[in-house]
Structures are given as structure tokens and as C-alpha cells.
Amino acid sequence: MAKLQSPRGTTDLLPDVMNGHRHVTDTARSASLSFGYEEMATPIFEFTEVFARPLGEASDVVSKETYSFADRGGDSLTLRPEGTAGAVRALISAGLTQTLPQKYFYAGPMFRYERPQKGRMRQFHQIGVELLGVSSAIGDAEVIALGHMILNQLGVATDCVLHLNTLGDTASRSAYRQALVDYLSDHKTALSADSQRRLDLNPLRILDSKDAGDQAILVNAPDLSDYLNSLSQDHFAATRSFLDVIKIPYHINSRLVRGLDYYGHTTFEFITDALGAQGTVMAGGRYDGLASMLGGGEVSGVGWAAGIERLAMLSDIPPLKPVDVMMIGMSDAHMATLFRLAMPLRDHGLRIETAYATNLGKQMKRANRLRSRYVVILGDDEAARNVVMLRSMADGQQSEIAIDDLASHFMSPIV
RNA sequence: GCGGGUGUAGCUCAGUUGGUUAGAGCGCGGGUUUGUGGUACCUGAGGUCGCCGGUUCGAAGCCGGUCACUCGCCCCA
């Protein structure tokens with residue numbers, strides 16, 4: 001096997017794979033634009049603080065999954081593990097908190113030091129959208145509607161279930177958190193080791209523990225919905241009613257919590273069972289507190305991110321545009337002629353291959369391998385009469401066509 | 001970070017209780033056809049058996065370590 005490998009958890013995006021990524025990204029970009037979300041990009045690394053505070057120092061992502069390093073000037077930098085913090089930092093940096101709302105779409109690599117699995121890489125790729133400066137519930141519904149549209153256009157919506165929950169506002173959440181900690185502390189020794197640790201770090205995460213013993217304890221645990229104040233209840237009800245208006249189905253999942261500190265109010269995930277343990281295809285929520293954590297004042301935000309690898313695995317990827325014409329010259333001089341004739345056709349948008357050698361049999365074989373629709377052959381016989389041989393690869397039909405007519409033949413709308 | 005499984009040709013895989021030159025299909029190259037692909041036939045190239053060490057007269061097969069992939073946990077897209 002190859003000794004020379006890319007680092008663990010990374011992979012090369014060779015044309016076949018890249019084609020799938022591009023299909024996902026192109027589909028998402030164009031759907032996003034139809035909602036008015038314009039593409040932007042942030043640096044692949046940021047100052048470490050950009051991620052540390054908003055995501056939570058104790059969160060797994062920050063505490064054990066970041067690629068952080070000191071640069072030559074001594075600054076601590078971190079390869080971005082997600083896109084939202086950087087996007088909000090960019091908004092603040094550019095002074096755009098005065099020009100709201102802002103609506104962003106992005107796509108690019110993210111980095112987390114994790115043990116690789118199917119659908120989980122150390123360098124992976126996400127698409128995402130952020131709606132900044134909109135506190136109304138229609139914003140929550142809009143990003144979900146956009147996400148749903150993208151999944152639908154990729155043909156994966158039917159494989160996914162939208163799980164929806166609310167964490168409430170800060171006051172509701174901290175009241176509930178206290179109640180939950182009080183309850184679970186009484187059962188601490190019965191909790192799994194993981195959950196005992198989570199009790200201090202992120203007690204809400206215990207809610208979606210897969211441990212059967214934990215689940216048994218949780219049956220009688222306080223319910224978040226009982227701790228939502230009216231403002232939180234109203235926001236969630238409004239979000240749901242906007243989703244109802246456009247008939248997007250969802251499943252209320254009161255155990256759906258997020259691992260990152262910046263979330264409040266609406267959280268959601270599109271989940272599939274087709275990817276093993278990595279069932280989350282698209283996830284997001286509202287993060288009204290994020291901007292102020294970065295020192296940018298109060299700016300509402302809601303958005304989501306989705307894994308391109310996971311989406312590509314679920315989608316049917318259309319094949320690349322096939323070769324339209326393979327041009328085979330039977331001598332260097334004829335090759336030169338075809339090299340010239342190919343240019344306007346390419347300029348017109350056709351995919352043209354000019355053969356790199358003059359042995360006809362081999363070049364025909366290559367044309368077949370490339371699934372070229374047509375082959376143009378130019379040899380001494382044709383040149384003497386100012387024609388080329390045009391062969392349709394599908395049925396093997398050949399005909400001669402005047403060199404002067406070649407361009408107009410392929411550039412006419414019929415072909 | 002923790003636990004399980006798997007590493008033999010470019011790909012998918014065989015390889016009998018450790019035994020001498022490690023095989024097949026597909027793919028790739030050459031030919032039948034030096035002006036014609038896809039079919040057919042002939043033929044060829046390609047492997048430090050993931051890597052390192054150990055046991056043995058002898059290791060692809062046993063043992064240890066290591067790396068990679070994979071499944072699950074943690075966590076997440």
C-alpha cells in the first residue's frame with residue numbers, strides 16, 4: 001500500500017469526489033441566493049479567543065478538538081472548527097452591526113482533532129448560512145426553510161427528519177439548568193461516568209445521553225418546557241407557526257441540546273439514520289448572545305451548518321459534463337489545424353479534447369473512455385479536400401464536413 | 001481519549017492445519033486490425049503480502065508493537 005499518505009483524517013478531493021462537493025455547494029449557494037443570502041468567506045484561522053469564548057472553554061470542541069498553534073509573532077491562532085464565530089467576528093470587524101440585517105452563505109473547510117469515522121474527518125467541509133440582526137421568529141423559520149429547500153434539492157430531504165427544540169432565553173435556560181442540576185445531583189452516583197463529568201461541565205448534554213441508566217433517571221427529570229418564560233414560549237410558538245405556514249414537518253425533541261455555549265432559543269437538526277453514528281446532516285439554531293461575547297454589542301443571529309461530505313454521501317451526484325468532441329489529427333500539421341479549430345468551440349462553452357498523439361486506434365480508444373459524443377478526424381485524405389471526418393460515437397455514423405462549416409455545425413443550437 | 005474489526009496487484013477479493021516460483025476477476029499496456037472506439041480472441045506488465053521486530057529449518061497465515069482504514073463510545077456537520 002501507499003506509504004505516502006495524507007495526514008490522518010484528511011483526504012484528497014480528487015475529481016470524482018470534488019464533483020460531489022461542488023454539486024452540494026453549488027446547489028446550496030444558489031438556493032441561498034434565492035433567499036437573499038450572499039456568499040462570503042472568513043479566514044481559515046482566527047485568533048484563538050474568537051472560538052474559545054463563544055463556543056465555551058469547557059466544550060469538547062474547544063477543550064480537545066482544536067488545532068491551535070502560536071505563530072511566529074507569538075499570537076495564538078486556531079484553525080476554525082466551525083463557521084459561525086468567524087462570520088460574526090467578520091461582521092463586527094467590518095462595522096456592519098450598523099447595517100443590519102446581513103445574510104451570509106459560506107462554504108469551506110473546518111478542522112477538528114477527532115478520531116475519524118465515516119462522515120467524520122479532521123479536515124471536513126461545511127456549508128452554512130447566518131442571518132444576522134433579525135430577532136423575530138420569522139428569521140428562525142427562514143433559515144430552516146432554506147435548509148430544507150437545499151436538502152430537498154439535493155434529494156435527501158425524505159431521508160431526514162427535522163428535530164426542533166427551544167432552549168429558551170438566558171433566564172429560562174439558567175433556571176432550568178439549576179433545576180436539572182439539583183435533580184441529577186441527587187442521583188449522581190447512579191449516572192454514567194460520562195454524565196457525572198457532564199454534570200459539572202454541560203449538564204444539558206446529559207439529556208441526550210445514550211446510556212440506558214441515564215435515560216431511566218431522566219424520565220422523572222424536570223422538563224425544560226416548564227421553565228420557559230412567556231417570551232421564550234412565544235418565540236418558539238411563532239417559529240413553529242411560520243414553519244406550519246410553509247408545511248415543513250418537524251418533530252419536537254425536548255432532549256435536543258447543543259454542545260456550543262452560544263445557542264439559545266431555537267435549536268434544530270436534520271437527522272438521518274443512513275450514516276451510522278453520524279446522523280446529523282445539518283444543525284443550527286439561534287445565537288443572540290454570540291456577538292456580545294465577542295465584544296460586538298447585541299446582535300441577534302440564527303443560522304445553521306451542514307457537512308458537505310455527509311450531504312454528498314446521501315445525494316445522487318450528477319455526472320460531469322461529458323466531452324463533446326475529441327479531435328484527432330493524424331500528423332503534427334493536422335493536429336495544429338485542429339488545435340486552432342478547437343479554440344472557438346471551447347470559447348463557446350463546449351468541452352473539446354484535442355488528441356496528444358497521432359495513432360488513430362489509441363486515440364479512438366481514449367475518446368471512448370472519455371465518453372466523447374463526437375470524434376473529428378483530420379488526415380491527409382480529408383485535408384486534401386478541406387473536410388474533416390465527423391463520427392458520432394453513439395452509433396458509429398460518419399460523415400464528412402467542410403472545415404469551414406465545423407464551427408457553425410457545433411455552435412448551432414441543435415447540437 | 002476509550003473499546004471492537006480489518007490491512008494480499010490500481011480496484012474487488014481468493015490463498016487449505018506455517019512449506020519452496022503468492023493467484024483470480026475487473027482495470028491497464030501490446031497484438032489480431034500501422035485510417036477507426038465500444039464486442040471477441042491472444043498476450044504482457046504490475047505485489048517490500050501496511051510497517052518494524054519476534055517465534056521457527058521455513059511466516060501472507062503464529063506472537064508483540066506500530067501505522068492506516070473501519071464500526072461503536074465521547075462529541076459533532
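The sequence lines fix the lettering, A, B, ..., with proteins before strands; numbering per chain opens at 1.
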Discussion item. Would rG61(B) be called syn or anti here, given the cut-off of 90° from 0?
Written reply: syn
Discussion item. Over 60° means perpendicular and under 30° means parallel, so tell me whether F270(A) and H148(A) are parallel, tilted or perpendicular.
Written reply: tilted
Worksheet entry | Any donor-acceptor N/O pair under 3.5 Å between rC75(B) base and R120(A) side chain | yes
Worksheet item: Across the strands shown, which category fits M326(A) at heavy-atom distances under 4.0 angstrom: base, sugar-phosphate, nothing?
Response: nothing
Worksheet item: Does E382(A) use its side chain to pair, donor to acceptor, with the backbone of G379(A) at less than 3.5 Å?
Response: yes
Response to the item:
Which of rC75(B), rG35(B), rA68(B) is nearest the side chain of M389(A)? It is rG35(B)
Worksheet item: Looking across every strand, which nucleic acid part, if any, lies under 4.0 Å from I377(A) by heavy atom: base, sugar-phosphate, or nothing?
Response: base
Discussion item. Counting only side-chain heavy atoms from C-beta out, which of rC28(B), rC75(B), rG35(B) sits nearest to E382(A)?
Written reply: rG35(B)
Worksheet item: Heavy-atom contacts under 4.0 Å between residues 303-314 of chain A and RNA chain B, which residues?
Response: A305(A), G307(A), R310(A)
Item to complete: First locate atom OG1 of T354(A), then atom CE of M326(A), and finally report the distance between them rounded to the nearest 0.5 Å.
Response: 8.0 Å
Set out, line by line, the N/O atom pairs under 3.5 Å between protein and nucleotides 2-5 of chain B.
from: rC2(B); atom 1: N4; to: R115(A); atom 2: NH1; distance (Å): 2.9
from: rG3(B); atom 1: O6; to: R115(A); atom 2: NH2; distance (Å): 3.0

Item to complete: Select one nucleotide: of rC75(B), rC73(B), rA77(B), the one nearest the side-chain heavy atoms of Q117(A).
Response: rC73(B)
Discussion item. Rounding to an integer number of Å, can you tell me how far I271(A) CD1 sits from rA77(B) C1'?
Written reply: 12 Å
Practice prompt. Measure distances between side-chain N and O atoms of R391(A) and base N and O atoms of rG37(B), and say whether any donor-acceptor pair falls under 3.5 Å.
Written response: yes
Worksheet item: With sugar-phosphate meaning primed atoms plus P, OP1 and OP2, does E269(A) contact a base, only sugar-phosphate, or nothing at under 4.0 Å between heavy atoms?
Response: nothing
Worksheet item: What nucleic acid atoms does G128(A) come within less than 4.0 Å of, heavy atoms only: base, sugar-phosphate, or nothing?
Response: nothing
Discussion item. Taking any heavy-atom pair under 4.0 Å as a contact, classify D380(A): base, sugar-phosphate, or nothing.
Written reply: base
Worksheet item: So, the side chain of S392(A) versus the backbone of G396(A): is there a donor-acceptor pair under 3.5 Å, distance only?
Response: no
Worksheet entry | rU66(B) pairs with, by Watson-Crick or G-U criteria that keep both distances under 3.5 Å | rG50(B)
Discussion item. In this structure, how many angstroms lie between the P atom of rC75(B) and the CD1 atom of I206(A), rounded?
Written reply: 10 Å
Worksheet entry | Q123(A) CD to rC76(B) C1', straight-line distance once rounded to whole Å | 17 Å
Practice prompt. Using only heavy-atom distances, decide whether a donor-acceptor pair under 3.5 angstrom links the side-chain of Q363(A) to the base of rG35(B).
Written response: no
Worksheet item: Between rU36(B), rC75(B), rG35(B), which nucleotide has the shortest distance from any of its atoms to the side chain of Q398(A)?
Response: rU36(B)
Discussion item. Using the side-chain heavy atoms of K362(A), tell me which of these nucleotides is nearest: rG30(B), rA77(B), rU36(B).
Written reply: rG30(B)
Discussion item. For D324(A), run the salt bridge (charged side-chain N to carboxylate O under 4.0 Å, His left out) check against R373(A), R346(A), R371(A) and tell me which one passes.
Written reply: R373(A)
Worksheet item: Looking at R369(A), does any N or O in its side chain come under 4.0 Å of the phosphate oxygens OP1/OP2 on rG29(B)?
Response: yes
Discussion item. What contact category does A283(A) fall into here, base, sugar-phosphate, or nothing, at under 4.0 angstrom with non-hydrogen atoms?
Written reply: sugar-phosphate
Worksheet item: Has the side chain of S195(A) got a donor or acceptor atom that lies under 3.5 Å from a matching backbone atom of S192(A)?
Response: no
Worksheet item: Nearest 0.5 Å, what's the CE-CG distance between M40(A) and L91(A)?
Response: 8.0 Å
Worksheet item: Taking the side chain of T280(A) as heavy atoms from C-beta outward, which of rC76(B), rC69(B), rG37(B) is closest to it?
Response: rC76(B)
Worksheet item: To the nearest angstrom, how far is D273(A) atom CG from rG72(B) atom C1'?
Response: 16 Å
Fill in: Polar pair under 3.5 Å, donor/acceptor by atom type, side chain N368(A), base rG38(B)
no
Worksheet item: Centres of the Y37(A) and F105(A) rings: under 6.0 Å?
Response: no
Item to complete: On RNA chain B, check which nucleotide each of K118(A) and H125(A) is closest to and give me the residue with the more 5' one.
Response: K118(A)
Fill in: Separation of atom CE in M364(A) from atom P in rG38(B), rounded to whole Å
9 Å
Worksheet item: So, for F124(A) and F111(A), is the gap between ring centers shorter than 6.0 Å?
Response: no
Practice prompt. Scan G147(A) against the nucleic acid and name what it touches under 4.0 Å (heavy atoms): base, sugar-phosphate only, or nothing.
Written response: nothing
Worksheet, complete the sentence: To the nearest angstrom, the NZ-C1' distance between K365(A) and rU39(B) comes to 12 Å
Worksheet item: Does Y113(A) or S392(A) map to a spot on RNA chain B nearer the 5' end, using the closest nucleotide for each?
Response: Y113(A)
Discussion item. Please tell me whether H235(A) and D140(A) have a donor and an acceptor in their side chains that are separated by less than 3.5 angstrom.
Written reply: yes
Worksheet entry | Partner nucleotide of rG18(B) by Watson-Crick or wobble geometry (both distances under 3.5 Å) | none
Worksheet entry | No-hydrogen, no-angle side-chain donor-acceptor test under 3.5 Å, S172(A) and S232(A) | yes
